[in-house]
There are 2 protein chains.
Amino acid sequence: MSARQQLPEACTTALGDALQPDLFKALCDPVRISIVANLAARAEAATVSEIADCCGIDFSGVSRHLKILRDASVLLSQRDGRQVLYSLDAGSLAATLRGIADALEMCEQQAAG
Amino acid sequence: MSARQQLPEACTTALGDALQPDLFKALCDPVRISIVANLAARAEAATVSEIADCCGIDFSGVSRHLKILRDASVLLSQRDGRQVLYSLDAGSLAATLRGIADALEMCEQQAAG
DNA sequence: GATATACTTGCATCCACATGCAAATAAATA
DNA sequence: TATTTATTTGCATGTGGATGCAAGTATATC
């Protein structure tokens, strides 16, 4: 079996690793999108209550959204006394998205070549 | 009002434009993820029936998934006689993802600076 | 220790969506 | 035109997820 024949499979597995469903699930809700955009515009981390002010839903729901985003490695959290500070890991998310873009184009080239 | 003060708003709007909910909604389903990965591994477009063979669900459901992905500009479709050929617009999707990554890092820099 | 503040979690409800089956549409062929 | 093939769409069902309220947990202050 030549390396050439293995390329398609290597491609799909690379894409399969890159296309993590949890990431897209985390980003497919409009409230979570607005949370990400809001945190991206801040220089510092924000508390749950601060973030909830911009969402229009109960803060308990915001807390759940923040957990989903944190579990998907989109946000970082850190307890500070009574409050919990959430911040956007912009660099990590950007790198993940670029990794998907790279995998897509790698597949395209391998499939065509 | 200085340009410096407008930066945060410009940032959020740039991100708001980049973070299209429809794109993430389209990619948050595991069947649609597998469709994208499958099409990425092919050199040519595929019919609905061909794609359905890899999904494990009824072809009518696959047809709906393909429509969702096409509406989100992830796939291109073209009728060829009785069949409809779907193909992945890998370059476009990669560019969109890189655009989000760029907007994220631009926001981060503006918020910090 | 008691109280207040900040957040998380349990519970019930509601809505969006994925799915399968069947019918409808589009297009080629007999 | 009738029939077959390929895809789409209508309909009903089931499931997952978002939401609000209330209760529970964690931390600080009195």
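Heavy atoms only: backbone and side chains are in, while hydrogens, waters and symmetry mates are out. Labels below follow one simple rule: chain letters A, B, ... track the order of the sequence lines, proteins then strands, and each chain is numbered from 1. Keep in mind the model is a prediction, meaning the values are calculated, not measured.
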| task | Ignoring backbone atoms, test whether A:K25 places a side-chain nitrogen or oxygen under 4.0 Å from the OP1 or OP2 oxygen of D:dG17. | result | yes
| message | Please give me every residue in residues 42-58 of chain A whose heavy atoms get under 4.0 Å of an atom in DNA chain C, ordered by residue number. | response | A:T47, A:V48, A:S49
| request: Among A:L75, A:L27, A:I68, A:V74, find the residue that satisfies the side-chain contact (heavy atoms from CB on, under 4.5 Å) test when tested with A:R32. | output: A:I68
| request: Measure the distance from CZ on A:R70 to C1' on C:dT8 and round it to the nearest whole Å. | output: 10 Å
| Any B:R64 side-chain nitrogen or oxygen under 4.0 Å from OP1 or OP2 of C:dG20 | no
| For A:V31 and B:V84, take the nucleotide of DNA chain D holding the closest heavy atom to each; which residue's nucleotide lies nearer the 5' end? | B:V84
| note | Output for pair (B:S60 OG, B:H65 NE2), nearest 0.5 Å, gives 9.5 Å
| task | Can you tell me the distance, in whole Å, between the NE2 atom of B:H65 and the P atom of D:dT9? | result | 15 Å
| task | Round to a whole Å and report the spacing from CZ of B:F59 to P of C:dA23. | result | 13 Å
| said: Do the side chains of B:D102 and B:R98 get close enough for a salt bridge, i.e. N-O under 4.0 angstrom? | reply: no
| query | D:dG17 P sits how many Å from A:L66 CG, rounded? | reply | 18 Å
| query | In whole Å, what is the span from the CD atom of B:Q83 to the C1' atom of D:dT8? | reply | 15 Å
| query | Under 4.5 Å between side-chain heavy atoms, hopping through other hydrophobics if needed: is there a path connecting B:L23 to B:L19? | reply | yes
| message | Would the distance check show the side chain of A:T96 and the main-chain N or O of A:S92 forming a donor-acceptor pair, the cut-off being under 3.5 Å? | response | yes
| message | So for A:S60 and C:dC7, does any side-chain atom that can act as donor or acceptor lie under 3.5 Å from a complementary atom in the base? | response | no
| said: Please check: side-chain N/O of A:R64 versus main-chain N/O of A:L66, any donor-acceptor pairing under 3.5 Å? | reply: no
| Do the side chains of B:I33 and A:I100 join up, straight or via other hydrophobic residues, at under 4.5 Å, putting them in one cluster? | yes
| field | Residue pair A:G99 / A:A18: nearest heavy atoms and the distance that separates them | value | O-CB, 4.5 Å
Distances under 3.5 Å only, N/O to N/O: pair up the protein atoms with those of nucleotides 26-29 of chain C.
none

| Could you give the CG-to-C1' distance, from A:L75 to C:dT8, as a whole number of Å? | 16 Å
| request: Can you tell me the distance, in whole Å, between the CD atom of A:Q78 and the P atom of C:dC7? | output: 13 Å
| message | Does D:dT8 have OP1 or OP2 under 4.0 Å away from a side-chain N or O of B:Y86? | response | yes
| request: Identify whether the distance between the nearest side-chain nitrogen and carboxylate oxygen of A:D89 and A:R70 falls below 4.0 Å. | output: no
| said: Measure CD1/A:I35 against P/C:dC7 and give the value in whole Å, please. | reply: 13 Å
